[in-house]
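Scroll down for the structure; my scribbles are underneath it.
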Amino acid sequence: MIEVFAVNIKDEFLDNNINSITERLENYGKQKGKDLKFRFKYKEDLLRTCVGKMLTRTKMCSILGISNKNLKFFTNTYGKPYIISNKGIYFNISHSGDWVVGVVSSEEIGIDIEMNLDVQPDIVDTCFTKNEKVYVYFENKNGSSSRFYEIWTLKESFVKALGKGLSIPLDNFEISKDKLEKELWFNSDYSNNVYYFKTYKFKNEYTISIASPLKVFPNEIKIIKATQLYSEFIKS
């Protein structure tokens, strides 16, 4: 089971209700006693963080059948959050530009979203393998932006799925273009599992990639309006 959700932060409702949102989040778990509003220099960063937390809590409460007050998050050695006794449910969050995306699954999962801007040569040089560089710069000395973000999000999603952060050098594994039922896959020395991948072109401006040991991915990303998310959040 894999479900993917997206929420747009450019919503007047979020601006008008940010105080009540942060107050509720501060009452749960490790956020208690910390004022979210003063942890971020830019309003957009606060909105992305709050939406990501609401999305995670709402979906996990719904799936696990528990309330927000009983939902406890912990982090592993590398900083990846998880829930003890989660009954085999995993989650991951990513954000870029105007969008926050989240994924829940019955297996370990990683998701990454990036707004498609220009190719970033410094990232290609330091994080991509030789074959990945060839793929990005194929027939174009300036590189292909779509190919760059495809590889970049795939690599990020894989590292996030493993939950080991930057302890895994990004140029130490390679995204292969071999295909199995239209999904990218490869066997990595960093995991005993074979990981499968899915890439989505989202709203013509973003690339989203997911990495999972599961082979079946949803065809669409479910867009949730901020008002709907908040309504579900305060009820959970």
Side-chain angles (χ1 to χ4, degrees), residues 1-7 52-53 55-64 73-96 99-114 127-129 132 135 146-147 149-203 206-224:
M1 176 273 290
I2 298 176
E3 292 185 273
V4 192
F5 308 93
V7 182
K53 291 182 180 295
L55 184 58
T56 299
R57 284 186 166 276
T58 298
K59 295 306 175 185
M60 295 301 283
C61 285
S62 175
I63 294 171
L64 297 174
F73 291 88
F74 303 86
T75 56
N76 68 11
T77 305
Y78 303 95
K80 183 176 182 177
Y82 67 97
I83 299 173
I84 291 181
S85 300
N86 65 4
K87 301 179 183 179
I89 301 297
Y90 302 87
F91 68 93
N92 201 226
I93 295 288
S94 184
H95 54 72
S96 180
W99 290 91
V100 175
V101 293
V103 60
V104 294
S105 174
S106 55
E107 297 283 349
E108 285 287 5
I109 196 83
I111 189 169
D112 189 56
I113 179 174
E114 297 291 341
C127 300
F128 286 20
T129 67
E132 291 168 347
Y135 177 69
S146 63
R147 290 188 173 200
Y149 284 102
E150 178 187 11
I151 297 297
W152 180 238
T153 56
L154 286 166
K155 291 172 85 74
E156 287 280 354
S157 68
F158 175 64
V159 170
K160 293 178 72 176
L162 294 185
K164 296 182 179 180
L166 295 179
S167 67
I168 300 177
L170 294 179
D171 61 345
N172 275 22
F173 65 92
E174 183 171 285
I175 298 295
S176 171
K177 292 304 295 182
D178 294 335
K179 293 189 176 181
L180 182 62
E181 295 185 3
K182 297 183 179 179
E183 282 141 22
L184 298 167
W185 68 282
F186 68 104
N187 210 339
S188 168
D189 292 337
Y190 293 102
S191 172
N192 293 326
N193 292 324
V194 173
Y195 271 76
Y196 299 87
F197 298 83
K198 176 77 171 180
T199 296
Y200 303 82
K201 297 302 180 182
F202 184 67
K203 297 295 181 180
Y206 297 84
T207 299
I208 298 172
S209 290
I210 301 173
S212 170
L214 296 177
K215 189 176 177 180
V216 180
F217 296 90
N219 292 324
E220 297 182 353
I221 295 170
K222 300 177 183 178
I223 297 177
I224 303 175

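Keep in mind that what you see is a predicted model, and the values were worked out from it rather than measured.
Of all heavy-atom pairs between Ala211 and Ala161, the closest is O-CB, 3.8 Å. In plain terms, the two heavy atoms of Phe91 and Met60 that are nearest each other are CD2-CE, 3.9 Å. The heavy-atom pair separating Asn92 from Lys160 by the smallest distance is OD1-CE, 3.0 Å.
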| message | Evaluate Glu156 against Leu170 for side-chain contact (heavy atoms from CB on, under 4.5 Å), listing each step before the verdict. | response | CA-CA 8 Å; Glu156 287 280 354; Leu170 294 179; 4.2 Å; yes
| request: Take Ile2 and Val103, measure what side-chain contact (heavy atoms from CB on, under 4.5 Å) needs, and give me the verdict at the end. | output: CA-CA 7 Å; Ile2 298 176; Val103 60; 3.6 Å; yes
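Partners of Ser106 under the side-chain contact (heavy atoms from CB on, under 4.5 Å) rule, at least two apart in sequence or in another chain, are Met1, Leu214. The salt bridge (charged side-chain N to carboxylate O under 4.0 Å, His left out) check on Lys203 picks up nothing, with sequence neighbours excluded. Under the rule for a side-chain contact (heavy atoms from CB on, under 4.5 Å), the partners of Ile224 that lie at least two apart in sequence or sit in another chain are Phe5, Val7, Leu55, Lys59, Gln228, Leu229. For Lys155, the salt bridge (charged side-chain N to carboxylate O under 4.0 Å, His left out) partners at least two apart in sequence or on another chain are Glu132. Residues meeting the ring-ring contact (aromatic ring centres under 6.0 Å, His included) test with Phe128, sequence neighbours left out: Phe148. Scored by the side-chain contact (heavy atoms from CB on, under 4.5 Å) test, Glu114 finds Ser96, Asp112, Tyr149, Trp152, Thr153 as partners (sequence neighbours excluded).
Here the CD1-CD1 distance, from Ile89 to Ile63, works out to 5.0 Å after rounding to the nearest 0.5 Å. Distance check: Ile168 CD1 to Phe158 CZ gives 6.0 Å after rounding to the nearest 0.5 Å. Between the NZ atom of Lys53 and the CZ atom of Phe73 there is a distance of 8.0 Å, given to the nearest 0.5 Å. Interatomic distance, Ile83 CD1 to Thr56 OG1, rounded to the nearest 0.5 Å: 8.5 Å. Residue Thr199 holds its OG1 atom at 9.0 Å from CZ of Phe217, rounded to the nearest 0.5 Å. Separating the CZ atom in Arg147 from the OH atom in Tyr135 is a distance of 4.5 Å, to the nearest 0.5 Å.
Counting heavy atoms from C-beta outward, Phe197 and Ser157 have side chains that approach closer than 4.5 Å. Residues Ile111 and Tyr200 have side chains not in contact (no heavy-atom distance under 4.5 Å, counting atoms from C-beta outward).
None of Ile113, Ile93, Ile210 except one satisfies the side chain to side chain contact (heavy atoms under 4.5 Å, CB included) rule with Val101; the exception is Ile113.
A donor-acceptor pair shorter than 3.5 Å can be found between the side chains of Lys201 and Thr207.
Ring geometry, Tyr206 versus Trp99: the interplanar angle exceeds 60°, so the pair is classed perpendicular (tilted spans 30 to 60°).
Ring centers of Phe173 and Tyr195: at least 6.0 Å apart, outside the cut-off.
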